[in-house]
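To start, the structure under review is shown below, and the notes come after it.
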Amino acid sequence: MSRHFKLWTLCLATLCVAFLSGCSTVRVIESQVQTNAQWLPQNPAPAKAQFRLERLPADVNNMQAGWAENELVTALAPLGWTRNDVDAQYSVWIGVRTAEFITDTWGRPVRGPWINHVYIRGGTGYRPRGVSTGVGWSLMTPVYPGMRHGFPPTVSYAQEVSIIIRDLSTSQVVYQTKATHDGPWSDHANILRTMISAALQGFPSPSTVKRRVDIPISR
């Protein structure tokens, strides 16, 4: 009995180590996704299509916007959609944004992520704590109920990805999707890349119910 007990203990320990090793190398990015598809009866959702990219005037010279577009082109390719600026049937626009916000001891937002925030818009997005956001306050300055003065509040991040597809023959929006995520991770390029995939889940005929999409990635 003692020998069998030792064997079971060894097996359990091995499984625990394997489990913890897996937990230490993988994280799950949870995205809240809302999609609205409005394909026209005379022009239903195609299995394959050609598209061109659109930009808002404010993003014409935005390098981060270019990064997001490249990621979107890569994500659409396996779905049968290829970029062709000359013979495009559709235009595709993508917008990404990231904001810092602070949380209390229990991880609850003390101030909304899109209030007194800093937009990062792609890239690595890393900025050390205590550096001013440029909108009139510093992460080290505010004192909130339940927080001890001088103790740096916990920083979390809110990310958002929006994609709009327009039918060039009618100028009508036929597909609109948005994915949102918040968490402690500051490697925004990896998070936003994952969220683009989440936003395109089920493309081109996804569920229109707001849903959570979980995608595991490495830490």
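Position 1 is the first residue of the sequence, and the numbers go up from there.
- With values rounded to the nearest 0.5 angstrom, Ile29 atom CD1 is found 8.5 Å from Asn190 atom CG.
- Note that CD of Glu160 and OG1 of Thr98 are 9.5 Å apart. Values are rounded to the nearest 0.5 Å.
- For Asn43 against Ser169, the heavy-atom pair with the smallest separation is ND2-OG, 4.2 Å.
- Linking Ile, Leu, Val, Met, Phe, Trp and Tyr residues whenever their side-chain heavy atoms come within less than 4.5 Å leaves Val173 and Val33 in two separate clusters.
- Hydrophobic clustering keeps Val73 apart from Trp93 (ILVMFWY residues linked when any side-chain heavy atoms are closer than 4.5 Å, directly or through intermediates).
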* Asked: Does the side chain to side chain contact (heavy atoms under 4.5 Å, CB included) test come out yes or no for Thr170 and Leu40, once each step is laid out?
  -> CA-CA 10 Å; Thr170 63; Leu40 301 177; 3.9 Å; yes
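- Here the straight-line distance linking atom NE2 of His188 with atom NE2 of His181 works out to 10.0 Å at 0.5 Å rounding.
- Residues Leu72 and Ile163 meet the side-chain proximity criterion, which asks for heavy atoms closer than 4.5 Å.
- At a threshold of 4.5 Å between non-hydrogen side-chain atoms, the residues Ser91 and Phe51 do not count as touching.
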* To do: List the steps and the verdict of side chain to side chain contact (heavy atoms under 4.5 Å, CB included) for Val92 and Arg52.
  => CA-CA 6 Å; Val92 181; Arg52 72 186 187 201; over 6 Å; no
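- Here OG of Ser197 is found 11.5 Å from CG of Leu192. Values are rounded to the nearest 0.5 Å.
- Ring-plane geometry between Tyr90 and Trp81 is classed as tilted, the angle between the planes lying from 30 to 60 degrees on a 0 to 90 degree scale.
- A donor-acceptor contact shorter than 3.5 Å links the side chain of Asn84 to the backbone of Asp87.
- Residues Gln176 and Gln34 form no side-chain contact, since every pair of their non-hydrogen atoms from C-beta on lies 4.5 Å or further apart.
- In this structure, Val26 and Pro216 have side chains that are in contact, with non-hydrogen atoms separated by less than 4.5 Å.
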* Asked: Please walk me through it: do Gln201 and Arg211 pass side-chain hydrogen bond (donor to acceptor under 3.5 Å, both in side chains)?
  -> CA-CA 10 Å; Gln201 185 198 56; Arg211 59 204 184 276; 3.2 Å; yes
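- Exactly one residue among Thr180, Val96, Ile191 makes a side-chain contact (heavy atoms from CB on, under 4.5 Å) with Gln159. That residue is Ile191.
- Clustering ILVMFWY residues whenever any of their side-chain heavy atoms sit less than 4.5 angstrom apart, transitively, puts Leu168 in a cluster other than the one holding Ile165.
- Ile164 and Val174 fall into different hydrophobic clusters, defined by Ile, Leu, Val, Met, Phe, Trp and Tyr side-chain heavy atoms under 4.5 Å apart, directly or through other members.
- Shown here for Ile94 and Ala68, the closest heavy-atom pair between the two residues is CD1-O, 3.9 Å.
- Looking at heavy atoms from C-beta onward, Ser156 lies out of side-chain contact with Asp182 at the 4.5 angstrom threshold.
- Within the 4.5 Å cutoff, side-chain heavy atoms of Gln32 are placed close to those of Lys210.
- To the nearest 0.5 angstrom, Arg166 atom CZ is 7.0 Å from Ser171 atom OG.
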* Please test Ile215 against Ser31 for side chain to side chain contact (heavy atoms under 4.5 Å, CB included), starting from the C-alpha separation and ending with a verdict. => CA-CA 8 Å; Ile215 299 179; Ser31 298; over 6 Å; no
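- The aromatic rings of Phe203 and Tyr175 lie perpendicular to each other, with more than 60° between the two planes, well past the 30° mark.
- Within the 4.5 Å cutoff, no side-chain heavy atoms of Lys178 are placed close to those of Val161.
- Proximity of Pro204 to Trp39: side-chain heavy atoms (C-beta onward) are separated by under 4.5 Å at one or more points.
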* Which is it for Trp185 and Arg27 under the side chain to side chain contact (heavy atoms under 4.5 Å, CB included) test, yes or no, and what are the steps along the way? -> CA-CA 10 Å; Trp185 310 107; Arg27 52 185 161 154; 3.2 Å; yes
